[in-house]
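So the structure is just underneath, and the comments pick up after that.
Remember, it's 1-based here, ligands and their atoms both numbered in the order they're listed.
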Amino acid sequence: MSAKIIDGRHISEQLIEEMAQEVKERMAQGYKQPGLAVVLVGDDPASAIYVRNKIRSAEKAGMLSIVKRLDESCSQQALDDVVSELNERDDVHGILVQLPLPKHLSEERIINLIKPSKDVDGFHPMNAGLLSLGQATLIPCTPLGCLELLKREMGDISGKHAVVIGRSNIVGKPMARLLLLANCTVTVVHSKSVDPAKLCQQADILVAAVGVPELVTRDWVKSGAVVIDVGINAIEQEGKRKLVGDVNFNDVVDKCQAITPVPGGVGPMTIACLIKNTLIAATLSDN
Ligand code: NAP
């Protein structure tokens with residue numbers, strides 16, 4: 001079997017173009033330009049790249065973009081003040097604080113401080129609760145991007161058995177909730193699960209969000225499964241730095257119906273969904 005390689009980069013570009021059109025139309029109707037503010041604390045190189053890509057995509061979609069940079073050693077109060085100010089600005093519809101934060105700052109406190117209506121990451125407890133109830137408007141970007149890929153690849157996923165590896169608040173849990181809302185039968189595998197390979201072998205849809213390089217090998221994958229690899233792991237191979245997923249791509253590729261590559265699969269979709277959430281937040285704010 002030759003698997004389809006799902007081109008997340010191309011799909012995300014299409015989505016951003018569609019949103020740019022919508023932004024234009026909204027502005028022509030007299031609405032404000034949608035605005036996304038990204039807060040970056042410190043100078044972690046990976047975080048700086050993520051922020052740059054998010055800002056570029058917001059600009060491609062014709063949105064106002066604002067970056068607030070704070071020093072690595074900034075106080076919790078200084079970070080709180082920046083977020084509180086953004087909460088009040090009516091040209092800012094979405095706020096994202098790039099994670100992880102330096103150890104002395106509380107991620108939980110900052111997630112709780114962002115106004116739920118501007119929480120374009122979908123991490124605020126109110127948005128997490130609404131997702132559990134099936135009433136969410138702002139849904140975490142990575143699982144939302146994975147669902148979009150699955151629907152494009154498979155159409156109706158109702159009744160499929162989906163196995164999600166990982167139960168983090170930002171990927172695994174919201175992914176499992178979205179799949180359940182799409183009427184999948186959902187199994188969540190985590191570090192205490194007994195015989196994860198056997199559980200994964202049952203999956204029509206396998207989503208790996210673990211953070212362990214190439215954990216998923218051929219014997220974990222059912223023939224004809226659709227595999228979504230969320231993992232982004234930097235490893236050293238033959239003296240070179242390389243990004244790999246949580247799935248051993250070469251080992252499983254000819255066993256799947258379709259699979260996302262790393263890089264170029266889920267990563268760009270996460271950004272497209274951030275832009276989508278900003279547009280939703282702007283639309284709901286009605287200004
Ligand atoms: P996380 O918070 O560290 O959670 C990892 C999850 O995997 C935990 O639930 C953990 O179980 C489980 N786990 C760890 N080892 C396991 C094993 N051997 N077998 C089964 N389950 C295991 O990570 P995360 O934030 O969800 O991120 C996961 C991966 O996705 C990372 O590589 C991250 O870089 C990547 N990521 C990518 C994007 C993107 O845009 N593509 C976005 C976010 C994250 P316990 O709960 O029992 O500890």
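The closest donor-acceptor contact from the side chain of R218 to the backbone of D251 lies under 3.5 Å. Formation of a donor-acceptor pair under 3.5 Å by the E214 side chain with backbone atoms of V244 is not found in this model. The backbone N or O of V212 lies less than 3.5 Å from a partner atom in the side chain of D246, making a donor-acceptor pair. At least one donor-acceptor pair under 3.5 Å links the side chain of H93 to the backbone N or O of G35. In this structure a side-chain-to-backbone donor-acceptor pair under 3.5 Å is present from N87 to L113. Counting only distance, with no hydrogens or angles, the side chain of N277 and the backbone of L138 share no donor-acceptor pair below 3.5 Å. Between the side chain of S75 and the backbone N or O of A78, at least one donor-acceptor pair lies under 3.5 Å.
From the protein, the heavy atom lying nearest to atom 13 (N) of ligand 1 is V210 CG1, 3.4 Å. Protein heavy atom at the shortest distance from atom 42 (C) of ligand 1 is T142 OG1, 3.2 Å. Scanning all protein heavy atoms for the shortest distance to atom 46 (O) of ligand 1 gives R167 NE, 2.7 Å. The single protein non-hydrogen atom nearest to atom 21 (N) of ligand 1 is H190 C, 3.2 Å, given as residue, atom name and distance. When hydrogens are left out, the protein atom nearest atom 44 (C) of ligand 1 is V171 CG2, 3.9 Å; that is the closest non-hydrogen contact. Looking only at heavy atoms of the protein, atom 11 (O) of ligand 1 is closest to S191 N, 3.2 Å. Annotation: atom 26 (O) of ligand 1 to nearest protein heavy atom, S168 OG, 2.6 Å. Of all protein heavy atoms, the one lying nearest to atom 25 (O) of ligand 1 is I170 CD1, 3.5 Å.
Counting non-hydrogen atoms of neighbouring residues, nucleotides and ligands closer than 6.0 angstrom, the CE atom of M154 exceeds 12 such neighbours.
Between atom 37 (C) of ligand 1 and the options V188, I228, V230, T260, the minimum heavy-atom separation is to V230. Ranked by closest heavy atom to atom 31 (C) of ligand 1, the top entry among A208, G8, G211 is G211.
Counting the atoms of ligand 1 from 1 in the order shown, those under 4.0 Å from a heavy atom of G267 are 40 (O), 41 (N). Counting the atoms of ligand 1 from 1 in the order shown, those under 4.0 Å from a heavy atom of I165 are 20 (C), 21 (N). Heavy-atom contacts of T270 reach the following atoms of ligand 1: 39 (C), 40 (O) (cutoff under 4.0 Å). Taking every non-hydrogen atom of V266 and a distance limit under 4.0 Å, the qualifying atoms of ligand 1 come out as 41 (N). Close contacts of ligand 1 with N233, meaning ligand atoms under 4.0 Å from a residue heavy atom, involve 32 (O).
Ligand 1 is never approached by S193 to a heavy-atom distance shorter than 4.0 Å. Within the 4.0 Å heavy-atom shell around ligand 1 one finds A209.
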Salt bridge (Lys or Arg N to Asp or Glu O under 4.0 Å) between E85 and R89, worked out: CA-CA 7 Å; E85 187 219 314; R89 280 177 64 161; 3.8 Å; yes

Working note: D90 + K32, criterion salt bridge (Lys or Arg N to Asp or Glu O under 4.0 Å); need CA distance, chi angles, decisive distance, verdict. CA-CA 9 Å; D90 65 3; K32 269 205 171 78; 3.7 Å; yes

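Note: no N/O pair closer than 3.5 Å links K192 and ligand 1 by distance alone. Note: an N/O pair closer than 3.5 Å links I232 and ligand 1 by distance alone.
Residues C141 and D121 have side chains in contact (heavy-atom distance under 4.5 Å, counting atoms from C-beta outward).
Side-chain polar atoms of Q98 and S47 form no donor-acceptor pair below 3.5 angstrom.
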